[in-house]
Amino acid sequence: PTEGAKVLVVKFNDYQCPACAQSHKDYQGVLAKYEAAQPGAVRLVMKDFPLESECNSNVSTTLHAAACEAAVAVRLAREKKLAEPLENWLYSNQPAMTPQTVRQQVRQLAQVANFDERYPIMLEQVKADITYARQLGVRSTPTFFINGVKIEGALPAALFEQAIAYELKRVASQ
């Protein structure tokens, strides 16, 4: 749902994907600019597409050994409104990330004490995102949809900003 936004940006993400981390860093300023100028006009929705065979049957070789844990950890942190510090840690520590370090950080940064207990249930939600991604033809991360237009890979921040500006103008003229 757009929740009233004129531009809906959906990102299929893997927290161990270097391009996902770079787009997160590059796009924060663009999204903040639109939020300040036109509150609620642009909405970012995160969807999980971990490149790890434990939760993604599309992956035959695990590229990111802690990606499923990271996706679940962010979902649990989001429940406590503490996703941002965890996401920043995950993106900043990609090379050293292990399932164990993810568990430690979600406890420390988001005060999630029951990660292991909640993991199987939350993993089903991650798998639902993966199923949705497959239906949309997502094969890699990051993959974005800006008002339904698919963009594979990350655009430079200036082009991302232009795409949002274009959609805002297009929607306003309808």
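Counting from 1, the numbers follow the sequence of the chain as shown.
The shortest side-chain heavy-atom distance between Leu86 and Gln105 falls under the 4.5 Å cut-off. Taking 4.5 Å as the limit, some side-chain heavy atom of Arg75 sits within range of a side-chain heavy atom of Asp129. The closest side-chain heavy-atom distance from Ser23 to Phe160 is not below 4.5 Å. Contact of the Lys127 side chain with the Leu123 side chain is registered, since non-hydrogen atoms from C-beta on lie closer than 4.5 Å. The shortest side-chain heavy-atom distance between Asp116 and Arg103 falls under the 4.5 Å cut-off. With contacts defined as side-chain heavy-atom distances shorter than 4.5 Å, the pair Tyr27/Leu155 qualifies.
Pro142 and Lys11 make their closest contact through CB-CE, 4.0 Å (heavy atoms, listed as atom of the first residue, atom of the second, distance). Ser53 and Val59 get closest at one heavy-atom pair: CB-O, 3.3 Å. Contact between Lys80 and Gln111 at its shortest, heavy atoms only, is NZ-O, 3.2 Å. Taking all atoms of both residues into account, the shortest heavy-atom contact from Ala66 to Thr98 is CB-C, 3.5 Å. For the residue pair Ala41 and Leu168, the shortest heavy atom distance occurs at CB-CD2, 4.1 Å. Heavy atoms only, all atoms of each residue included: Tyr34 and Ala165 are closest at OH-CB, 3.4 Å.
A chain of hydrophobic side-chain contacts below 4.5 Å, direct or via other Ile, Leu, Val, Met, Phe, Trp or Tyr residues, connects Leu44 to Leu159. Transitive grouping of hydrophobic side chains (ILVMFWY, heavy atoms separated by less than 4.5 Å) brings Met46 and Leu136 into a common cluster. Note on Val45: it clusters hydrophobically with Val42, by side-chain heavy-atom contacts below 4.5 Å among ILVMFWY residues. Val72 and Leu82 fall into different hydrophobic clusters, where Ile, Leu, Val, Met, Phe, Trp and Tyr residues are linked whenever their side-chain heavy atoms come under 4.5 Å apart, directly or through other members. Residues Val171 and Phe144 do not share a hydrophobic cluster, defined by chaining ILVMFWY side chains whose heavy atoms lie under 4.5 Å apart.
Formation of a donor-acceptor pair under 3.5 Å by the Tyr15 side chain with backbone atoms of Glu69 is not found in this model. With hydrogens and angles ignored, the 3.5 Å screen pairs a side-chain donor or acceptor of Asn56 with a backbone N or O of Pro50. Counting only distance, with no hydrogens or angles, the side chain of Thr101 and the backbone of Met97 share no donor-acceptor pair below 3.5 Å. Asp14 places a side-chain N or O within 3.5 Å of a backbone atom of Leu51 that can act as its donor or acceptor partner. Side-chain atoms of Ser92 do not come within 3.5 Å of backbone N or O of Trp89 as any donor-acceptor pair. Judged by distance alone, with hydrogens and angles left aside, the side-chain atoms of Glu52 form a donor-acceptor pair with the main-chain N or O of Cys68 at under 3.5 Å. With hydrogens and angles ignored, the 3.5 Å screen pairs a side-chain donor or acceptor of Asn147 with a backbone N or O of Lys6. Glu35 contributes a side-chain N or O that, together with a main-chain N or O of Gly40, makes up a donor-acceptor pair within less than 3.5 Å.
Atom CZ of Arg107 is separated from atom CG of Asn114 by 10.5 Å, given to the nearest 0.5 angstrom. Separation of atoms CZ (Arg134) and CG (Asn58) is listed at 4.0 Å; rounding is to 0.5 Å. Expressed to the nearest 0.5 Å, how far CG of Asn88 lies from NZ of Lys25 amounts to 11.5 Å. If you take CG on Leu31 and CD on Glu161, they are separated by 9.5 Å, rounding to the nearest 0.5 Å. Atom CD1 of Ile146 and atom CD of Glu167 lie 7.5 Å apart (nearest 0.5 Å). Distance check, rounded to the nearest 0.5 Å: CG of Asp48 to CG of Asn13 gives 7.0 Å.
The environment of Gln28 atom CD is dense: over 12 non-hydrogen atoms of other residues, nucleotides or ligands sit within 6.0 angstrom. Summarising the local packing, CZ of Phe145 is surrounded by more than 12 heavy atoms from other residues, nucleotides or ligands at distances under 6.0 Å. Enclosure of atom CZ in Arg170 by more than 12 non-hydrogen atoms of other residues, nucleotides or ligands within 6.0 angstrom is indicated. Atom NZ of Lys150 is surrounded by more than 12 heavy atoms from other residues, nucleotides or ligands within 6.0 Å.
Ring geometry for Phe49 versus Phe12: interplanar angle over 60°, hence perpendicular rather than tilted (30 to 60°).
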Start with the C-alpha gap between Leu63 and Gln16, add the side-chain angles, then the distance that decides, and say whether side chain to side chain contact (heavy atoms under 4.5 Å, CB included) holds.
CA-CA 9 Å; Leu63 300 175; Gln16 280 194 283; over 6 Å; no

Show your working on side chain to side chain contact (heavy atoms under 4.5 Å, CB included) between His64 and Gln94 and close with a plain yes or no.
CA-CA 9 Å; His64 302 137; Gln94 287 178 336; over 6 Å; no

